[in-house]
Number of protein chains: 2
Amino acid sequence: MNPPRAEPPDAAAEGSQSGMPAEHALLGLLAMREGGTGHGYELARSFGPEAPLGSVIRLEPGMVYHHLKKLERLGWVTVAPDASPDRPARRPFALSRDGRGELRRWLMEPVAHTREIRLEFLVKLYLALALEPALALRLIDEQRGILERLIDSLSEQRELGETAVNAESGSIHFGEMVTDMRLAQTGAALAWLDRVRTEAATVAVAAGRSDASRR
Amino acid sequence: MNPPRAEPPDAAAEGSQSGMPAEHALLGLLAMREGGTGHGYELARSFGPEAPLGSVIRLEPGMVYHHLKKLERLGWVTVAPDASPDRPARRPFALSRDGRGELRRWLMEPVAHTREIRLEFLVKLYLALALEPALALRLIDEQRGILERLIDSLSEQRELGETAVNAESGSIHFGEMVTDMRLAQTGAALAWLDRVRTEAATVAVAAGRSDASRR
DNA sequence: AAAGCCATGTAAGCTGTTACATGATTTT
DNA sequence: AAAATCATGTAACAGCTTACATGGCTTT
């Protein structure tokens with residue numbers, strides 16, 4: 001009935017959404033492995049209930065293979081030859097040049113909304129701490145800035161609502177309850193971030209020292 | 001390649017998930033209208049940027065029609081005859097007996113996770129305040145209980161982690177950061193709930209008075 | 001020889017999103 | 001007559017979940 005869609009909705013932009021925490025977690029896990037390679041089953045274990053990332057993002061093995069295929073399509077990983085031909089055949093994936101670049105870009109970018117702290121930011125934090133603690137410090141500072149601006153804008157909105165409610169007193173303050181909720185959540189996230197920052201600073205100093213001693 | 005699935009995954013359980021805030025919001029909006037009826041376009045406006053619910057859950061008109069069809073399938077709404085045959089034809093939906101029961105059940109049920117406060121709980125709260133403020137008070141108290149138990153269990157987990165970290169000092173406290181985050185978010189939600197409770201109590205008293213004067 | 005883990009996936013069905021199609025009525 | 005608004009949807013597709021299929025290797 002409708003004419004066929006003029007264009008498939010921009011296949012080039014497939015990987016351009018800011019989200020995709022699962023895919024980027026896979027990139028990060030590959031970067032954490034020596035040689036930057038790993039196969040699906042092994043990566044899937046990193047999302048199990050015992051693994052640290054498993055407390056933040058849970059992935060069934062099927063989804064891991066699905067995401068790896070997508071990463072391959074995007075050119076962020078490449079398939080390497082199977083080095084150990086004993087066991088059941090593996091398909092080891094290796095981080096590509098582009099993949100490394102994309103990972104770095106993503107790790108420096110704070111999340112825009114408070115609700116994304118719980119999943120996406122925690123994944124970024126875990127990977128940044130493991131890969132390059134100085135980057136984690138930077139990420140935390142950027143995120144602090146975002147949250148502070150959010151709180152400013154919510155406070156302003158809250159005061160506007162205050163006067164409007166007194167004028168008409170309709171819909172029993174619901175809008176203010178919503179804004180208060182967001183302020184509470186964002187404030188809590190900010191206070192938590194400050195505590196995390198001091199921890200991360202310790203880690204970064206320790207990593208810096210071991211860098212220096214290695215040289 | 002695979003044999004066809006033995007059973008379609010339990011069509012009877014279609015409406016049994018605890019979630020479905022959009023569908024239940026539609027039930028609630030119908031209940032708020034005199035006669036318990038409304039048509040799609042009108043309901044869709046209640047999810048626009050100006051409407052109070054629009055600040056919590058945003059729905060495109062297409063999704064509203066989609067959900068209404070599902071509610072019809074579940075027997076929670078029925079199609080009523082179009083009473084005003086002037087304008088472009090409407091399809092007014094009416095809340096059924098089952099729909100009213102389902103709405104009540106859902107409104108009394110607190111949400112299980114902190115992350116569901118932002119959307120699902122706020123929808124429940126809005127509808128309960130509008131329909132029956134005494135129910136809102138009850139919902140808030142139930143929700144308080146859930147959050148308090150959550151905080152207890154997170155605190156316990158937090159202390160277990162503390163000792164484990166001192167033992168091995170591996171994976172740089174990440175698990176504790178995650179638990180702290182959840183504690184912070186849940187604590188903030190609880191403090192917010194307490195403030196909302198006093199507001200809701202005022203509304204309930206006012207509603208009780210107007211109930212009494214109507215009698 | 002059987003049980004269980006290693007390892008890679010596919011199938012089928014849901015939900016959600018975006019965009020568009022269709023046409024009547026009201027306002028400018 | 002044109003534009004806006006009322007009103008109801010469908011098409012196309014992307015994403016997620018759950019379950020299962022397939023087979024090699026390892027341990028008991």
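Letters A, B, ... are given to chains in the order of the sequence lines, protein chains preceding strands, and every chain is numbered from 1.
Whole-Å rounding puts the A:His66 NE2 to D:dT18 P distance at 14 Å. Regarding B:Glu60, its CD atom lies at a distance of 20 Å from the P atom of D:dC13, rounded to whole Å. We find that CG of A:Leu68 is positioned 12 Å from P of C:dT10, with the value rounded to whole Å. Taking atom CZ of B:Arg58 as the reference point, atom C1' of C:dT17 lies 15 Å away to the nearest angstrom. Here C:dG16 presents its C1' atom at 11 Å from CD of B:Glu23, a figure rounded to the nearest Å. Summarising the geometry, the separation between OH on B:Tyr65 and C1' on C:dT17 is reported as 17 Å, rounded to the nearest angstrom. Rounding to whole angstrom units, CG of residue A:Leu59 and C1' of C:dT8 are separated by 16 Å. Distance CE (B:Met63) to P (D:dT10): 14 Å, rounded to an integer number of Å.
Phosphate proximity of D:dG15 to A:Lys70: present, with a side-chain N or O under 4.0 Å from OP1 or OP2. The side chain of B:Arg91 contributes an N or O atom lying less than 4.0 Å from OP1 or OP2 of D:dG9. Taking 4.0 angstrom as the limit, A:Arg90 places a side-chain polar atom (N or O) nearer than this to OP1 or OP2 of C:dA7. Of the side-chain N and O atoms in A:Lys69, none sit less than 4.0 angstrom from OP1 or OP2 of C:dT8.
Heavy atoms of B:His39 sit under 4.0 angstrom from primed sugar atoms or phosphate atoms, though from no base atom.
Contacts of A:Leu119 classified as side chain to side chain contact (heavy atoms under 4.5 Å, CB included), with partners at least two apart in sequence or in another chain: A:Pro21, A:Ile57. The side chain to side chain donor-acceptor pair (under 3.5 Å) search around A:Ser55 returns none, not counting sequence neighbours. With sequence neighbours excluded, the residues that form a side chain to side chain donor-acceptor pair (under 3.5 Å) with A:Glu23 are A:His67, A:Lys70. Residues satisfying the side chain to side chain contact (heavy atoms under 4.5 Å, CB included) criterion with A:Met32, sequence neighbours excluded, are A:Leu29, A:Tyr126, A:Leu127, A:Ala130, A:Leu131. Under the side chain to side chain contact (heavy atoms under 4.5 Å, CB included) criterion, B:Ser96 pairs with B:Thr78, B:Asp98, sequence neighbours left out.
Proximity of residues 26-34 of chain B to DNA chain C (heavy atom under 4.0 angstrom from any strand atom) is not detected for any residue.
For residues 30-46 of chain A, the salt bridge (Lys or Arg N to Asp or Glu O under 4.0 Å) pairs, not counting sequence neighbours, are A:Arg33-A:Glu42.
Between A:His24 and A:Trp106, the ring planes lie parallel to each other; the angle is under 30°, not in the 30° to 60° tilted range.
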Write down the protein N/O and nucleotide N/O pairs, taken from nucleotides 3-5 of chain D, whose separation is under 3.5 Å; answer none if there are no such pairs.
none

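With rounding to the nearest 0.5 Å, the separation of CZ in B:Arg138 from CE in B:Met108 is 5.0 Å.
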Please report, to 0.1 Å, the donor-acceptor pairs under 3.5 Å made by any side chain of residues 147-155 of chain B, with sequence neighbours excluded.
{"residue": "B:Glu148", "atom": "OE2", "partner": "B:Arg144", "partner atom": "NH1", "Å": "3.3"}
{"residue": "B:Glu148", "atom": "OE2", "partner": "B:Arg144", "partner atom": "NH2", "Å": "3.1"}
{"residue": "B:Arg149", "atom": "NE", "partner": "B:Gly145", "partner atom": "O", "Å": "3.4"}
{"residue": "B:Ser155", "atom": "OG", "partner": "B:Ile151", "partner atom": "O", "Å": "2.8"}

